[in-house]
Amino acid sequence: MQITAPCVVSLSWRLEDAQGQLIDELVEPLEFFYGGEDLFAKVEEALNGQEAGFEAQVALEPEHAFGEYDSALVCFEARSVMPENVDVGMQFEGLPEGAATPDMPTEAIYTVTEVYPEHVVLDGNHPLAGIGLRMHVRVRDVREATEEEIAAGSLGEAVFSVAMGTPPGEILH
């Protein structure tokens with residue numbers, strides 16, 4: 001079956017930064033809704049009209065992947081409003097109650113990037129924001145989308161693990 005919207009593609013990939021450093025490797029294939037929000041537009045463009053077994057190398061500039069890095073999404077919060085066990089790499093949905101920077105987006109996922117005795121640095125950017133990426137993608141299977149999948153326009157949240165700078169087994173999702 002050829003890849004045309006709407007359908008479901010089963011993919012595996014190797015994701016690297018522009019210097020070739022491994023960021024994520026999806027060995028066991030996952031299914032994604034093609035023609036919706038599951039895949040980057042550049043990846044969909046490369047897959048259009050292809051079939052199972054197709055492989056491609058796709059270069060993704062930040063604006064085609066996780067966006068440019070926005071320093072306005074970085075803030076300092078008092079350590080007292082954070083959980084007692086706060087540590088670098090922890091992530092929070094929105095800012096903690098009692099945050100001193102209420103003008104920050106409430107829907108962002110904030111990553112703790114630094115912990116000091118009196119304050120914590122929170123970054124609302126995606127961990128891969130501002131990074132050029134290279135994705136080697138392989139199509140494992142293609143199938144028709146169900147009516148439910150078409151109505152949803154997605155099979156769920158796309159998964160990218162961030163392995164840069166983390167010890168094996170401690171991958172940030």
Side-chain angles (χ1 to χ4, degrees), residues 1-70 73 87-94 105-113 122-173:
M1 176 177 170
Q2 281 193 336
I3 299 173
T4 56
C7 71
V8 174
V9 294
S10 178
L11 304 175
S12 59
W13 64 62
R14 180 177 173 87
L15 185 67
E16 301 172 343
D17 66 15
Q19 289 72 42
Q21 182 179 358
L22 178 66
I23 294 173
D24 183 46
E25 187 163 17
L26 180 61
V27 178
E28 293 298 318
L30 280 179
E31 288 189 328
F32 298 89
F33 185 81
Y34 180 90
E37 300 296 320
D38 286 1
L39 298 168
F40 296 127
K42 288 275 187 184
V43 173
E44 285 202 355
E45 185 179 303
L47 299 179
N48 188 37
Q50 303 300 327
E51 297 179 348
F54 175 75
E55 295 185 44
Q57 193 85 305
V58 181
L60 298 165
E61 292 302 319
E63 64 268 19
H64 300 124
F66 296 100
E68 296 292 343
Y69 189 84
D70 183 357
L73 293 176
D87 201 5
V88 172
M90 292 177 91
Q91 292 185 313
F92 299 93
E93 217 174 300
T106 57
E107 72 283 352
I109 302 292
Y110 290 90
T111 303
V112 176
T113 58
L122 297 174
D123 188 341
N125 287 285
H126 187 282
L128 296 177
I131 298 176
L133 303 171
R134 288 187 287 181
M135 178 183 257
H136 177 87
V137 63
R138 181 174 182 203
V139 178
R140 299 299 190 100
D141 195 18
V142 183
R143 67 171 176 80
E144 290 184 22
T146 65
E147 288 182 29
E148 293 82 17
E149 292 165 339
I150 293 169
S154 175
L155 297 185
E157 192 172 324
V159 177
F160 284 95
S161 299
V162 181
M164 296 187 329
T166 59
E170 293 185 30
I171 295 177
L172 172 70
H173 294 276

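- The side-chain heavy atoms of Val9 and Leu39, taken from C-beta on, include a pair separated by under 4.5 Å.
- Interatomic distance, CG of Asp24 versus CE of Met135, reported as 7.5 Å (0.5 Å rounding).
- The nearest pair of heavy atoms linking Val112 to Leu122 is CG2-CD2, 3.6 Å.
- When side chains are defined from C-beta on, Val139 counts as touching Leu11, because their heavy atoms get closer than 4.5 Å.
- When the side chain to side chain donor-acceptor pair (under 3.5 Å) test is applied to Glu68, no partner is found at least two apart in sequence or on another chain.
- Relative orientation of the Phe66 and Phe40 rings is perpendicular, given thresholds of 30° and 60° on the angle between their planes.
- From Glu44, atom CD reaches atom CD of Glu37 across 8.5 Å, with rounding to the nearest 0.5 Å.
- The two atoms that bring Leu60 and Lys42 nearest to each other are CD2-CB, 3.5 Å, heavy atoms only.
- Summarising the geometry of Leu155 relative to Asp38, their closest heavy-atom pair is N-OD2, 3.0 Å, with the distance given to 0.1 Å.
- Contact between Gly35 and Ala5 at its shortest, heavy atoms only, is CA-CB, 3.8 Å.
- In this structure, NE2 on His126 lies 8.5 Å from OG1 on Thr111, to the nearest 0.5 angstrom.
- Identified under the salt bridge (Lys or Arg N to Asp or Glu O under 4.0 Å) test for residues 48-62, with sequence neighbours left out: Glu55-Arg138.
- The line from CG of Asn48 to CD1 of Ile3 is 8.0 Å long, rounded to the nearest 0.5 Å.
- Minimum interatomic distance between Leu26 and Ser12 (heavy atoms only, all atoms of both residues): O-CB, 3.1 Å.
- Under the rule for a side chain to side chain donor-acceptor pair (under 3.5 Å), the partners of Glu16 that lie at least two apart in sequence or sit in another chain are Arg14.
- With rounding to the nearest 0.5 Å, the separation of CZ in Phe33 from OG1 in Thr146 is 8.5 Å.
- Using a 4.5 Å heavy-atom cutoff, the side chains of Leu133 and Ile131 are in contact.
- Scanning for side chain to side chain donor-acceptor pair (under 3.5 Å) contacts around Tyr110 gives an empty result, with sequence neighbours left out.
- In this structure Asn125 satisfies the side chain to side chain donor-acceptor pair (under 3.5 Å) test together with Asp123, sequence neighbours excluded.
- Heavy-atom minimum distance, Leu47 versus Val137: CD2-CG1, 4.3 Å.
- Legend: salt bridge (Lys or Arg N to Asp or Glu O under 4.0 Å) pairs involving residues 139-151, not counting sequence neighbours, sorted by first then second residue: Glu31-Arg143, Arg143-Glu149.
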